[in-house]
Amino acid sequence: MSRTGRWLLVNLAAFQIVWWSAVLGAAHGLPWAGPLTALGACALHVRRIAPETRSAELTMLAYALCFGLACDATLMAFGLIRYAPGLGIGPDWLAPAWMAALWPTFATTLNHSLGWLRRHPLCAALFGALAGPLAYGGGVVLGAAGWPRGALTGMTAIAALWAVTLPLLSTLSAVTVIPAEPEPSPEPVRPLAGSL
C-alpha cells in the first residue's frame, strides 16, 4: 500500500477512534474521553499535513466546530436529540464538549479520507443523509443520546440536515484548505507514423 493510502486509512481510523471514545465516554460517565482524544487526533493531523496548509486547516476545523455547534443547537432546540450531560461548554442549548469535539475531528477527513466527496456533491448529500442518522442513532443505542420526539422523527430530521451539511462542509473545506483538483485532461491524440 502506498504512503498516501496508509495516510487515508490512518485519517479515517483516527476519526473512528475519537467517535467511539466520545460516545462511549459520554455513555459511561467519562465525558472528557472524547475531547481529549479529539485534541490528540486533531494535533497529530495538523502536524502531519503540509506546513503551507496548516493555518488553513486549523481555520477549517474552527469553521466545522462553529457549524456543528449551530447544527446541534438547532436539533436540541426542536427537541429532536438529547445528549448525555458532561463537560458543558456554555449554556444548556449548546451540545456538551464530547459532542462538540466530534465536529473538528470529522473535518480532518474532508480533504483526506473523504476528499472524494468534494468532486461529487450529490454523493456527498446521499452519504450525509445515510451516515448522519447512523452515527447519531449509534450514539443513542450506546446510551450517549436520546430521541425526545421519537427515533423516526429525529433520524429523518438528521438525514435532511446532513444531506445539506456534508456537501456544504466538503465545499467549504475544498475552498478553505486545498483547491479542488482539476479533472485530468485527456491525452492528445498523436498521429501514427506515416499517416496524413
Side-chain angles (χ1 to χ4, degrees), residues 11-46 57-110 112-114 124 127-170 172-173:
N11 178 248
L12 189 58
F15 174 68
Q16 291 301 313
I17 290 167
V18 170
W19 188 90
W20 283 98
S21 61
V23 170
L24 290 175
H28 296 286
L30 304 169
W32 49 266
L36 188 62
T37 310
L39 184 61
C42 289
L44 288 173
H45 173 78
V46 171
E57 188 87 21
L58 284 168
T59 300
M60 182 58 210
L61 300 187
Y63 286 160
L65 175 61
C66 294
F67 191 83
L69 287 172
C71 287
D72 285 328
T74 302
L75 292 170
M76 292 167 65
F78 285 99
L80 297 166
I81 193 84
R82 180 187 67 252
Y83 297 114
L87 293 181
I89 53 175
D92 288 343
W93 51 267
L94 274 182
W98 68 264
M99 183 63 196
L102 293 173
W103 286 93
T105 311
F106 178 70
T108 66
T109 67
L110 294 174
H112 303 283
S113 55
L114 295 180
F127 187 77
L130 295 172
L134 287 175
Y136 281 76
V140 171
V141 168
L142 293 170
W147 303 117
R149 296 179 62 187
L152 182 61
T153 303
M155 291 183 87
T156 302
I158 289 168
L161 181 68
W162 272 85
V164 175
T165 297
L166 190 52
L168 283 175
L169 282 176
S170 293
L172 180 62
S173 188

Checklist entry - Looking only at heavy atoms, what is the nearest atom pair of A14 and A41, with distance? => result CB-CB, 4.5 Å

Checklist outcome for this item: Across all chains, not counting sequence neighbours, the side-chain contact (heavy atoms from CB on, under 4.5 Å) partners of L168 are F67, V164

Next on the checklist: Tell me whether W20 at atom CH2 has more than 12 heavy atoms from other residues, nucleotides or ligands lying less than 6.0 Å away.
Outcome noted: no

Next on the checklist: Do M99 and M76 make a side-chain contact, defined as non-hydrogen atoms from C-beta onward lying under 4.5 Å apart?
Outcome noted: no

Checklist entry - Quick one: side-chain contact (heavy atoms from CB on, under 4.5 Å) partners of L80, sequence neighbours excluded? => result L75, F78, R149, T153, A157

Next on the checklist: As an exercise, state the distance from CG of L114 to CG of L12, rounded to the nearest 0.5 Å.
Outcome noted: 6.5 Å

Next on the checklist: Can you give me the closest heavy-atom contact between L110 and M60, atom names plus distance?
Outcome noted: CD1-CE, 4.0 Å

Checklist entry - Atom CH2 in W147, atom CG in L152: separation rounded to 0.5 Å? => result 10.0 Å

Checklist entry - About how many Å separate OG1 of T105 and CD of Q16, when rounded to the nearest 0.5 Å? => result 11.5 Å

Item to check | Y83: partners by side chain to side chain donor-acceptor pair (under 3.5 Å), with sequence neighbours left out | outcome: D72

Next on the checklist: Could you work out, with ring-ring contact (aromatic ring centres under 6.0 Å, His included) as the rule, every residue matching Y63, not counting sequence neighbours?
Outcome noted: none

Item to check | Atom pair OG1 (T156) and CG (L161), whose distance is rounded to the nearest 0.5 Å | outcome: 12.5 Å

Checklist entry - Given side chains that start at C-beta, do those of T108 and F106 come closer than 4.5 Å, heavy atoms only? => result no

Checklist entry - How far apart are the C-alpha atoms of L169 and W103, what are their side-chain angles, what is the distance that settles it, and do they pass the side-chain contact (heavy atoms from CB on, under 4.5 Å) test? => result CA-CA 11 Å; L169 282 176; W103 286 93; 4.0 Å; yes

Checklist outcome for this item: Note: P133 and G128 closest approach over all heavy atoms is CD-O, 3.7 Å

Next on the checklist: Taking the side chain as everything from C-beta on, heavy atoms only, tell me whether F15 gets closer than 4.5 Å to S113.
Outcome noted: no

Checklist entry - Once you round to the nearest 0.5 Å, how far does OG1 of T59 lie from CG of L172? => result 10.0 Å

Next on the checklist: Ignoring hydrogens, what is the shortest heavy-atom contact between G34 and V18? Give both atom names and the distance.
Outcome noted: O-CG1, 4.3 Å

Next on the checklist: Show the nearest heavy-atom pair for residues A84 and G143, with the distance to one decimal.
Outcome noted: CB-O, 4.3 Å

Checklist outcome for this item: Those residues at least two apart in sequence (or on a different chain) that pass side chain to side chain donor-acceptor pair (under 3.5 Å) with S21 are T37

Checklist entry - Is the shortest heavy-atom distance from the side chain of V46 to the side chain of L61 under 4.5 Å? => result yes

Checklist entry - Closest approach of N11 and T109, non-hydrogen atoms and distance? => result OD1-CA, 3.3 Å

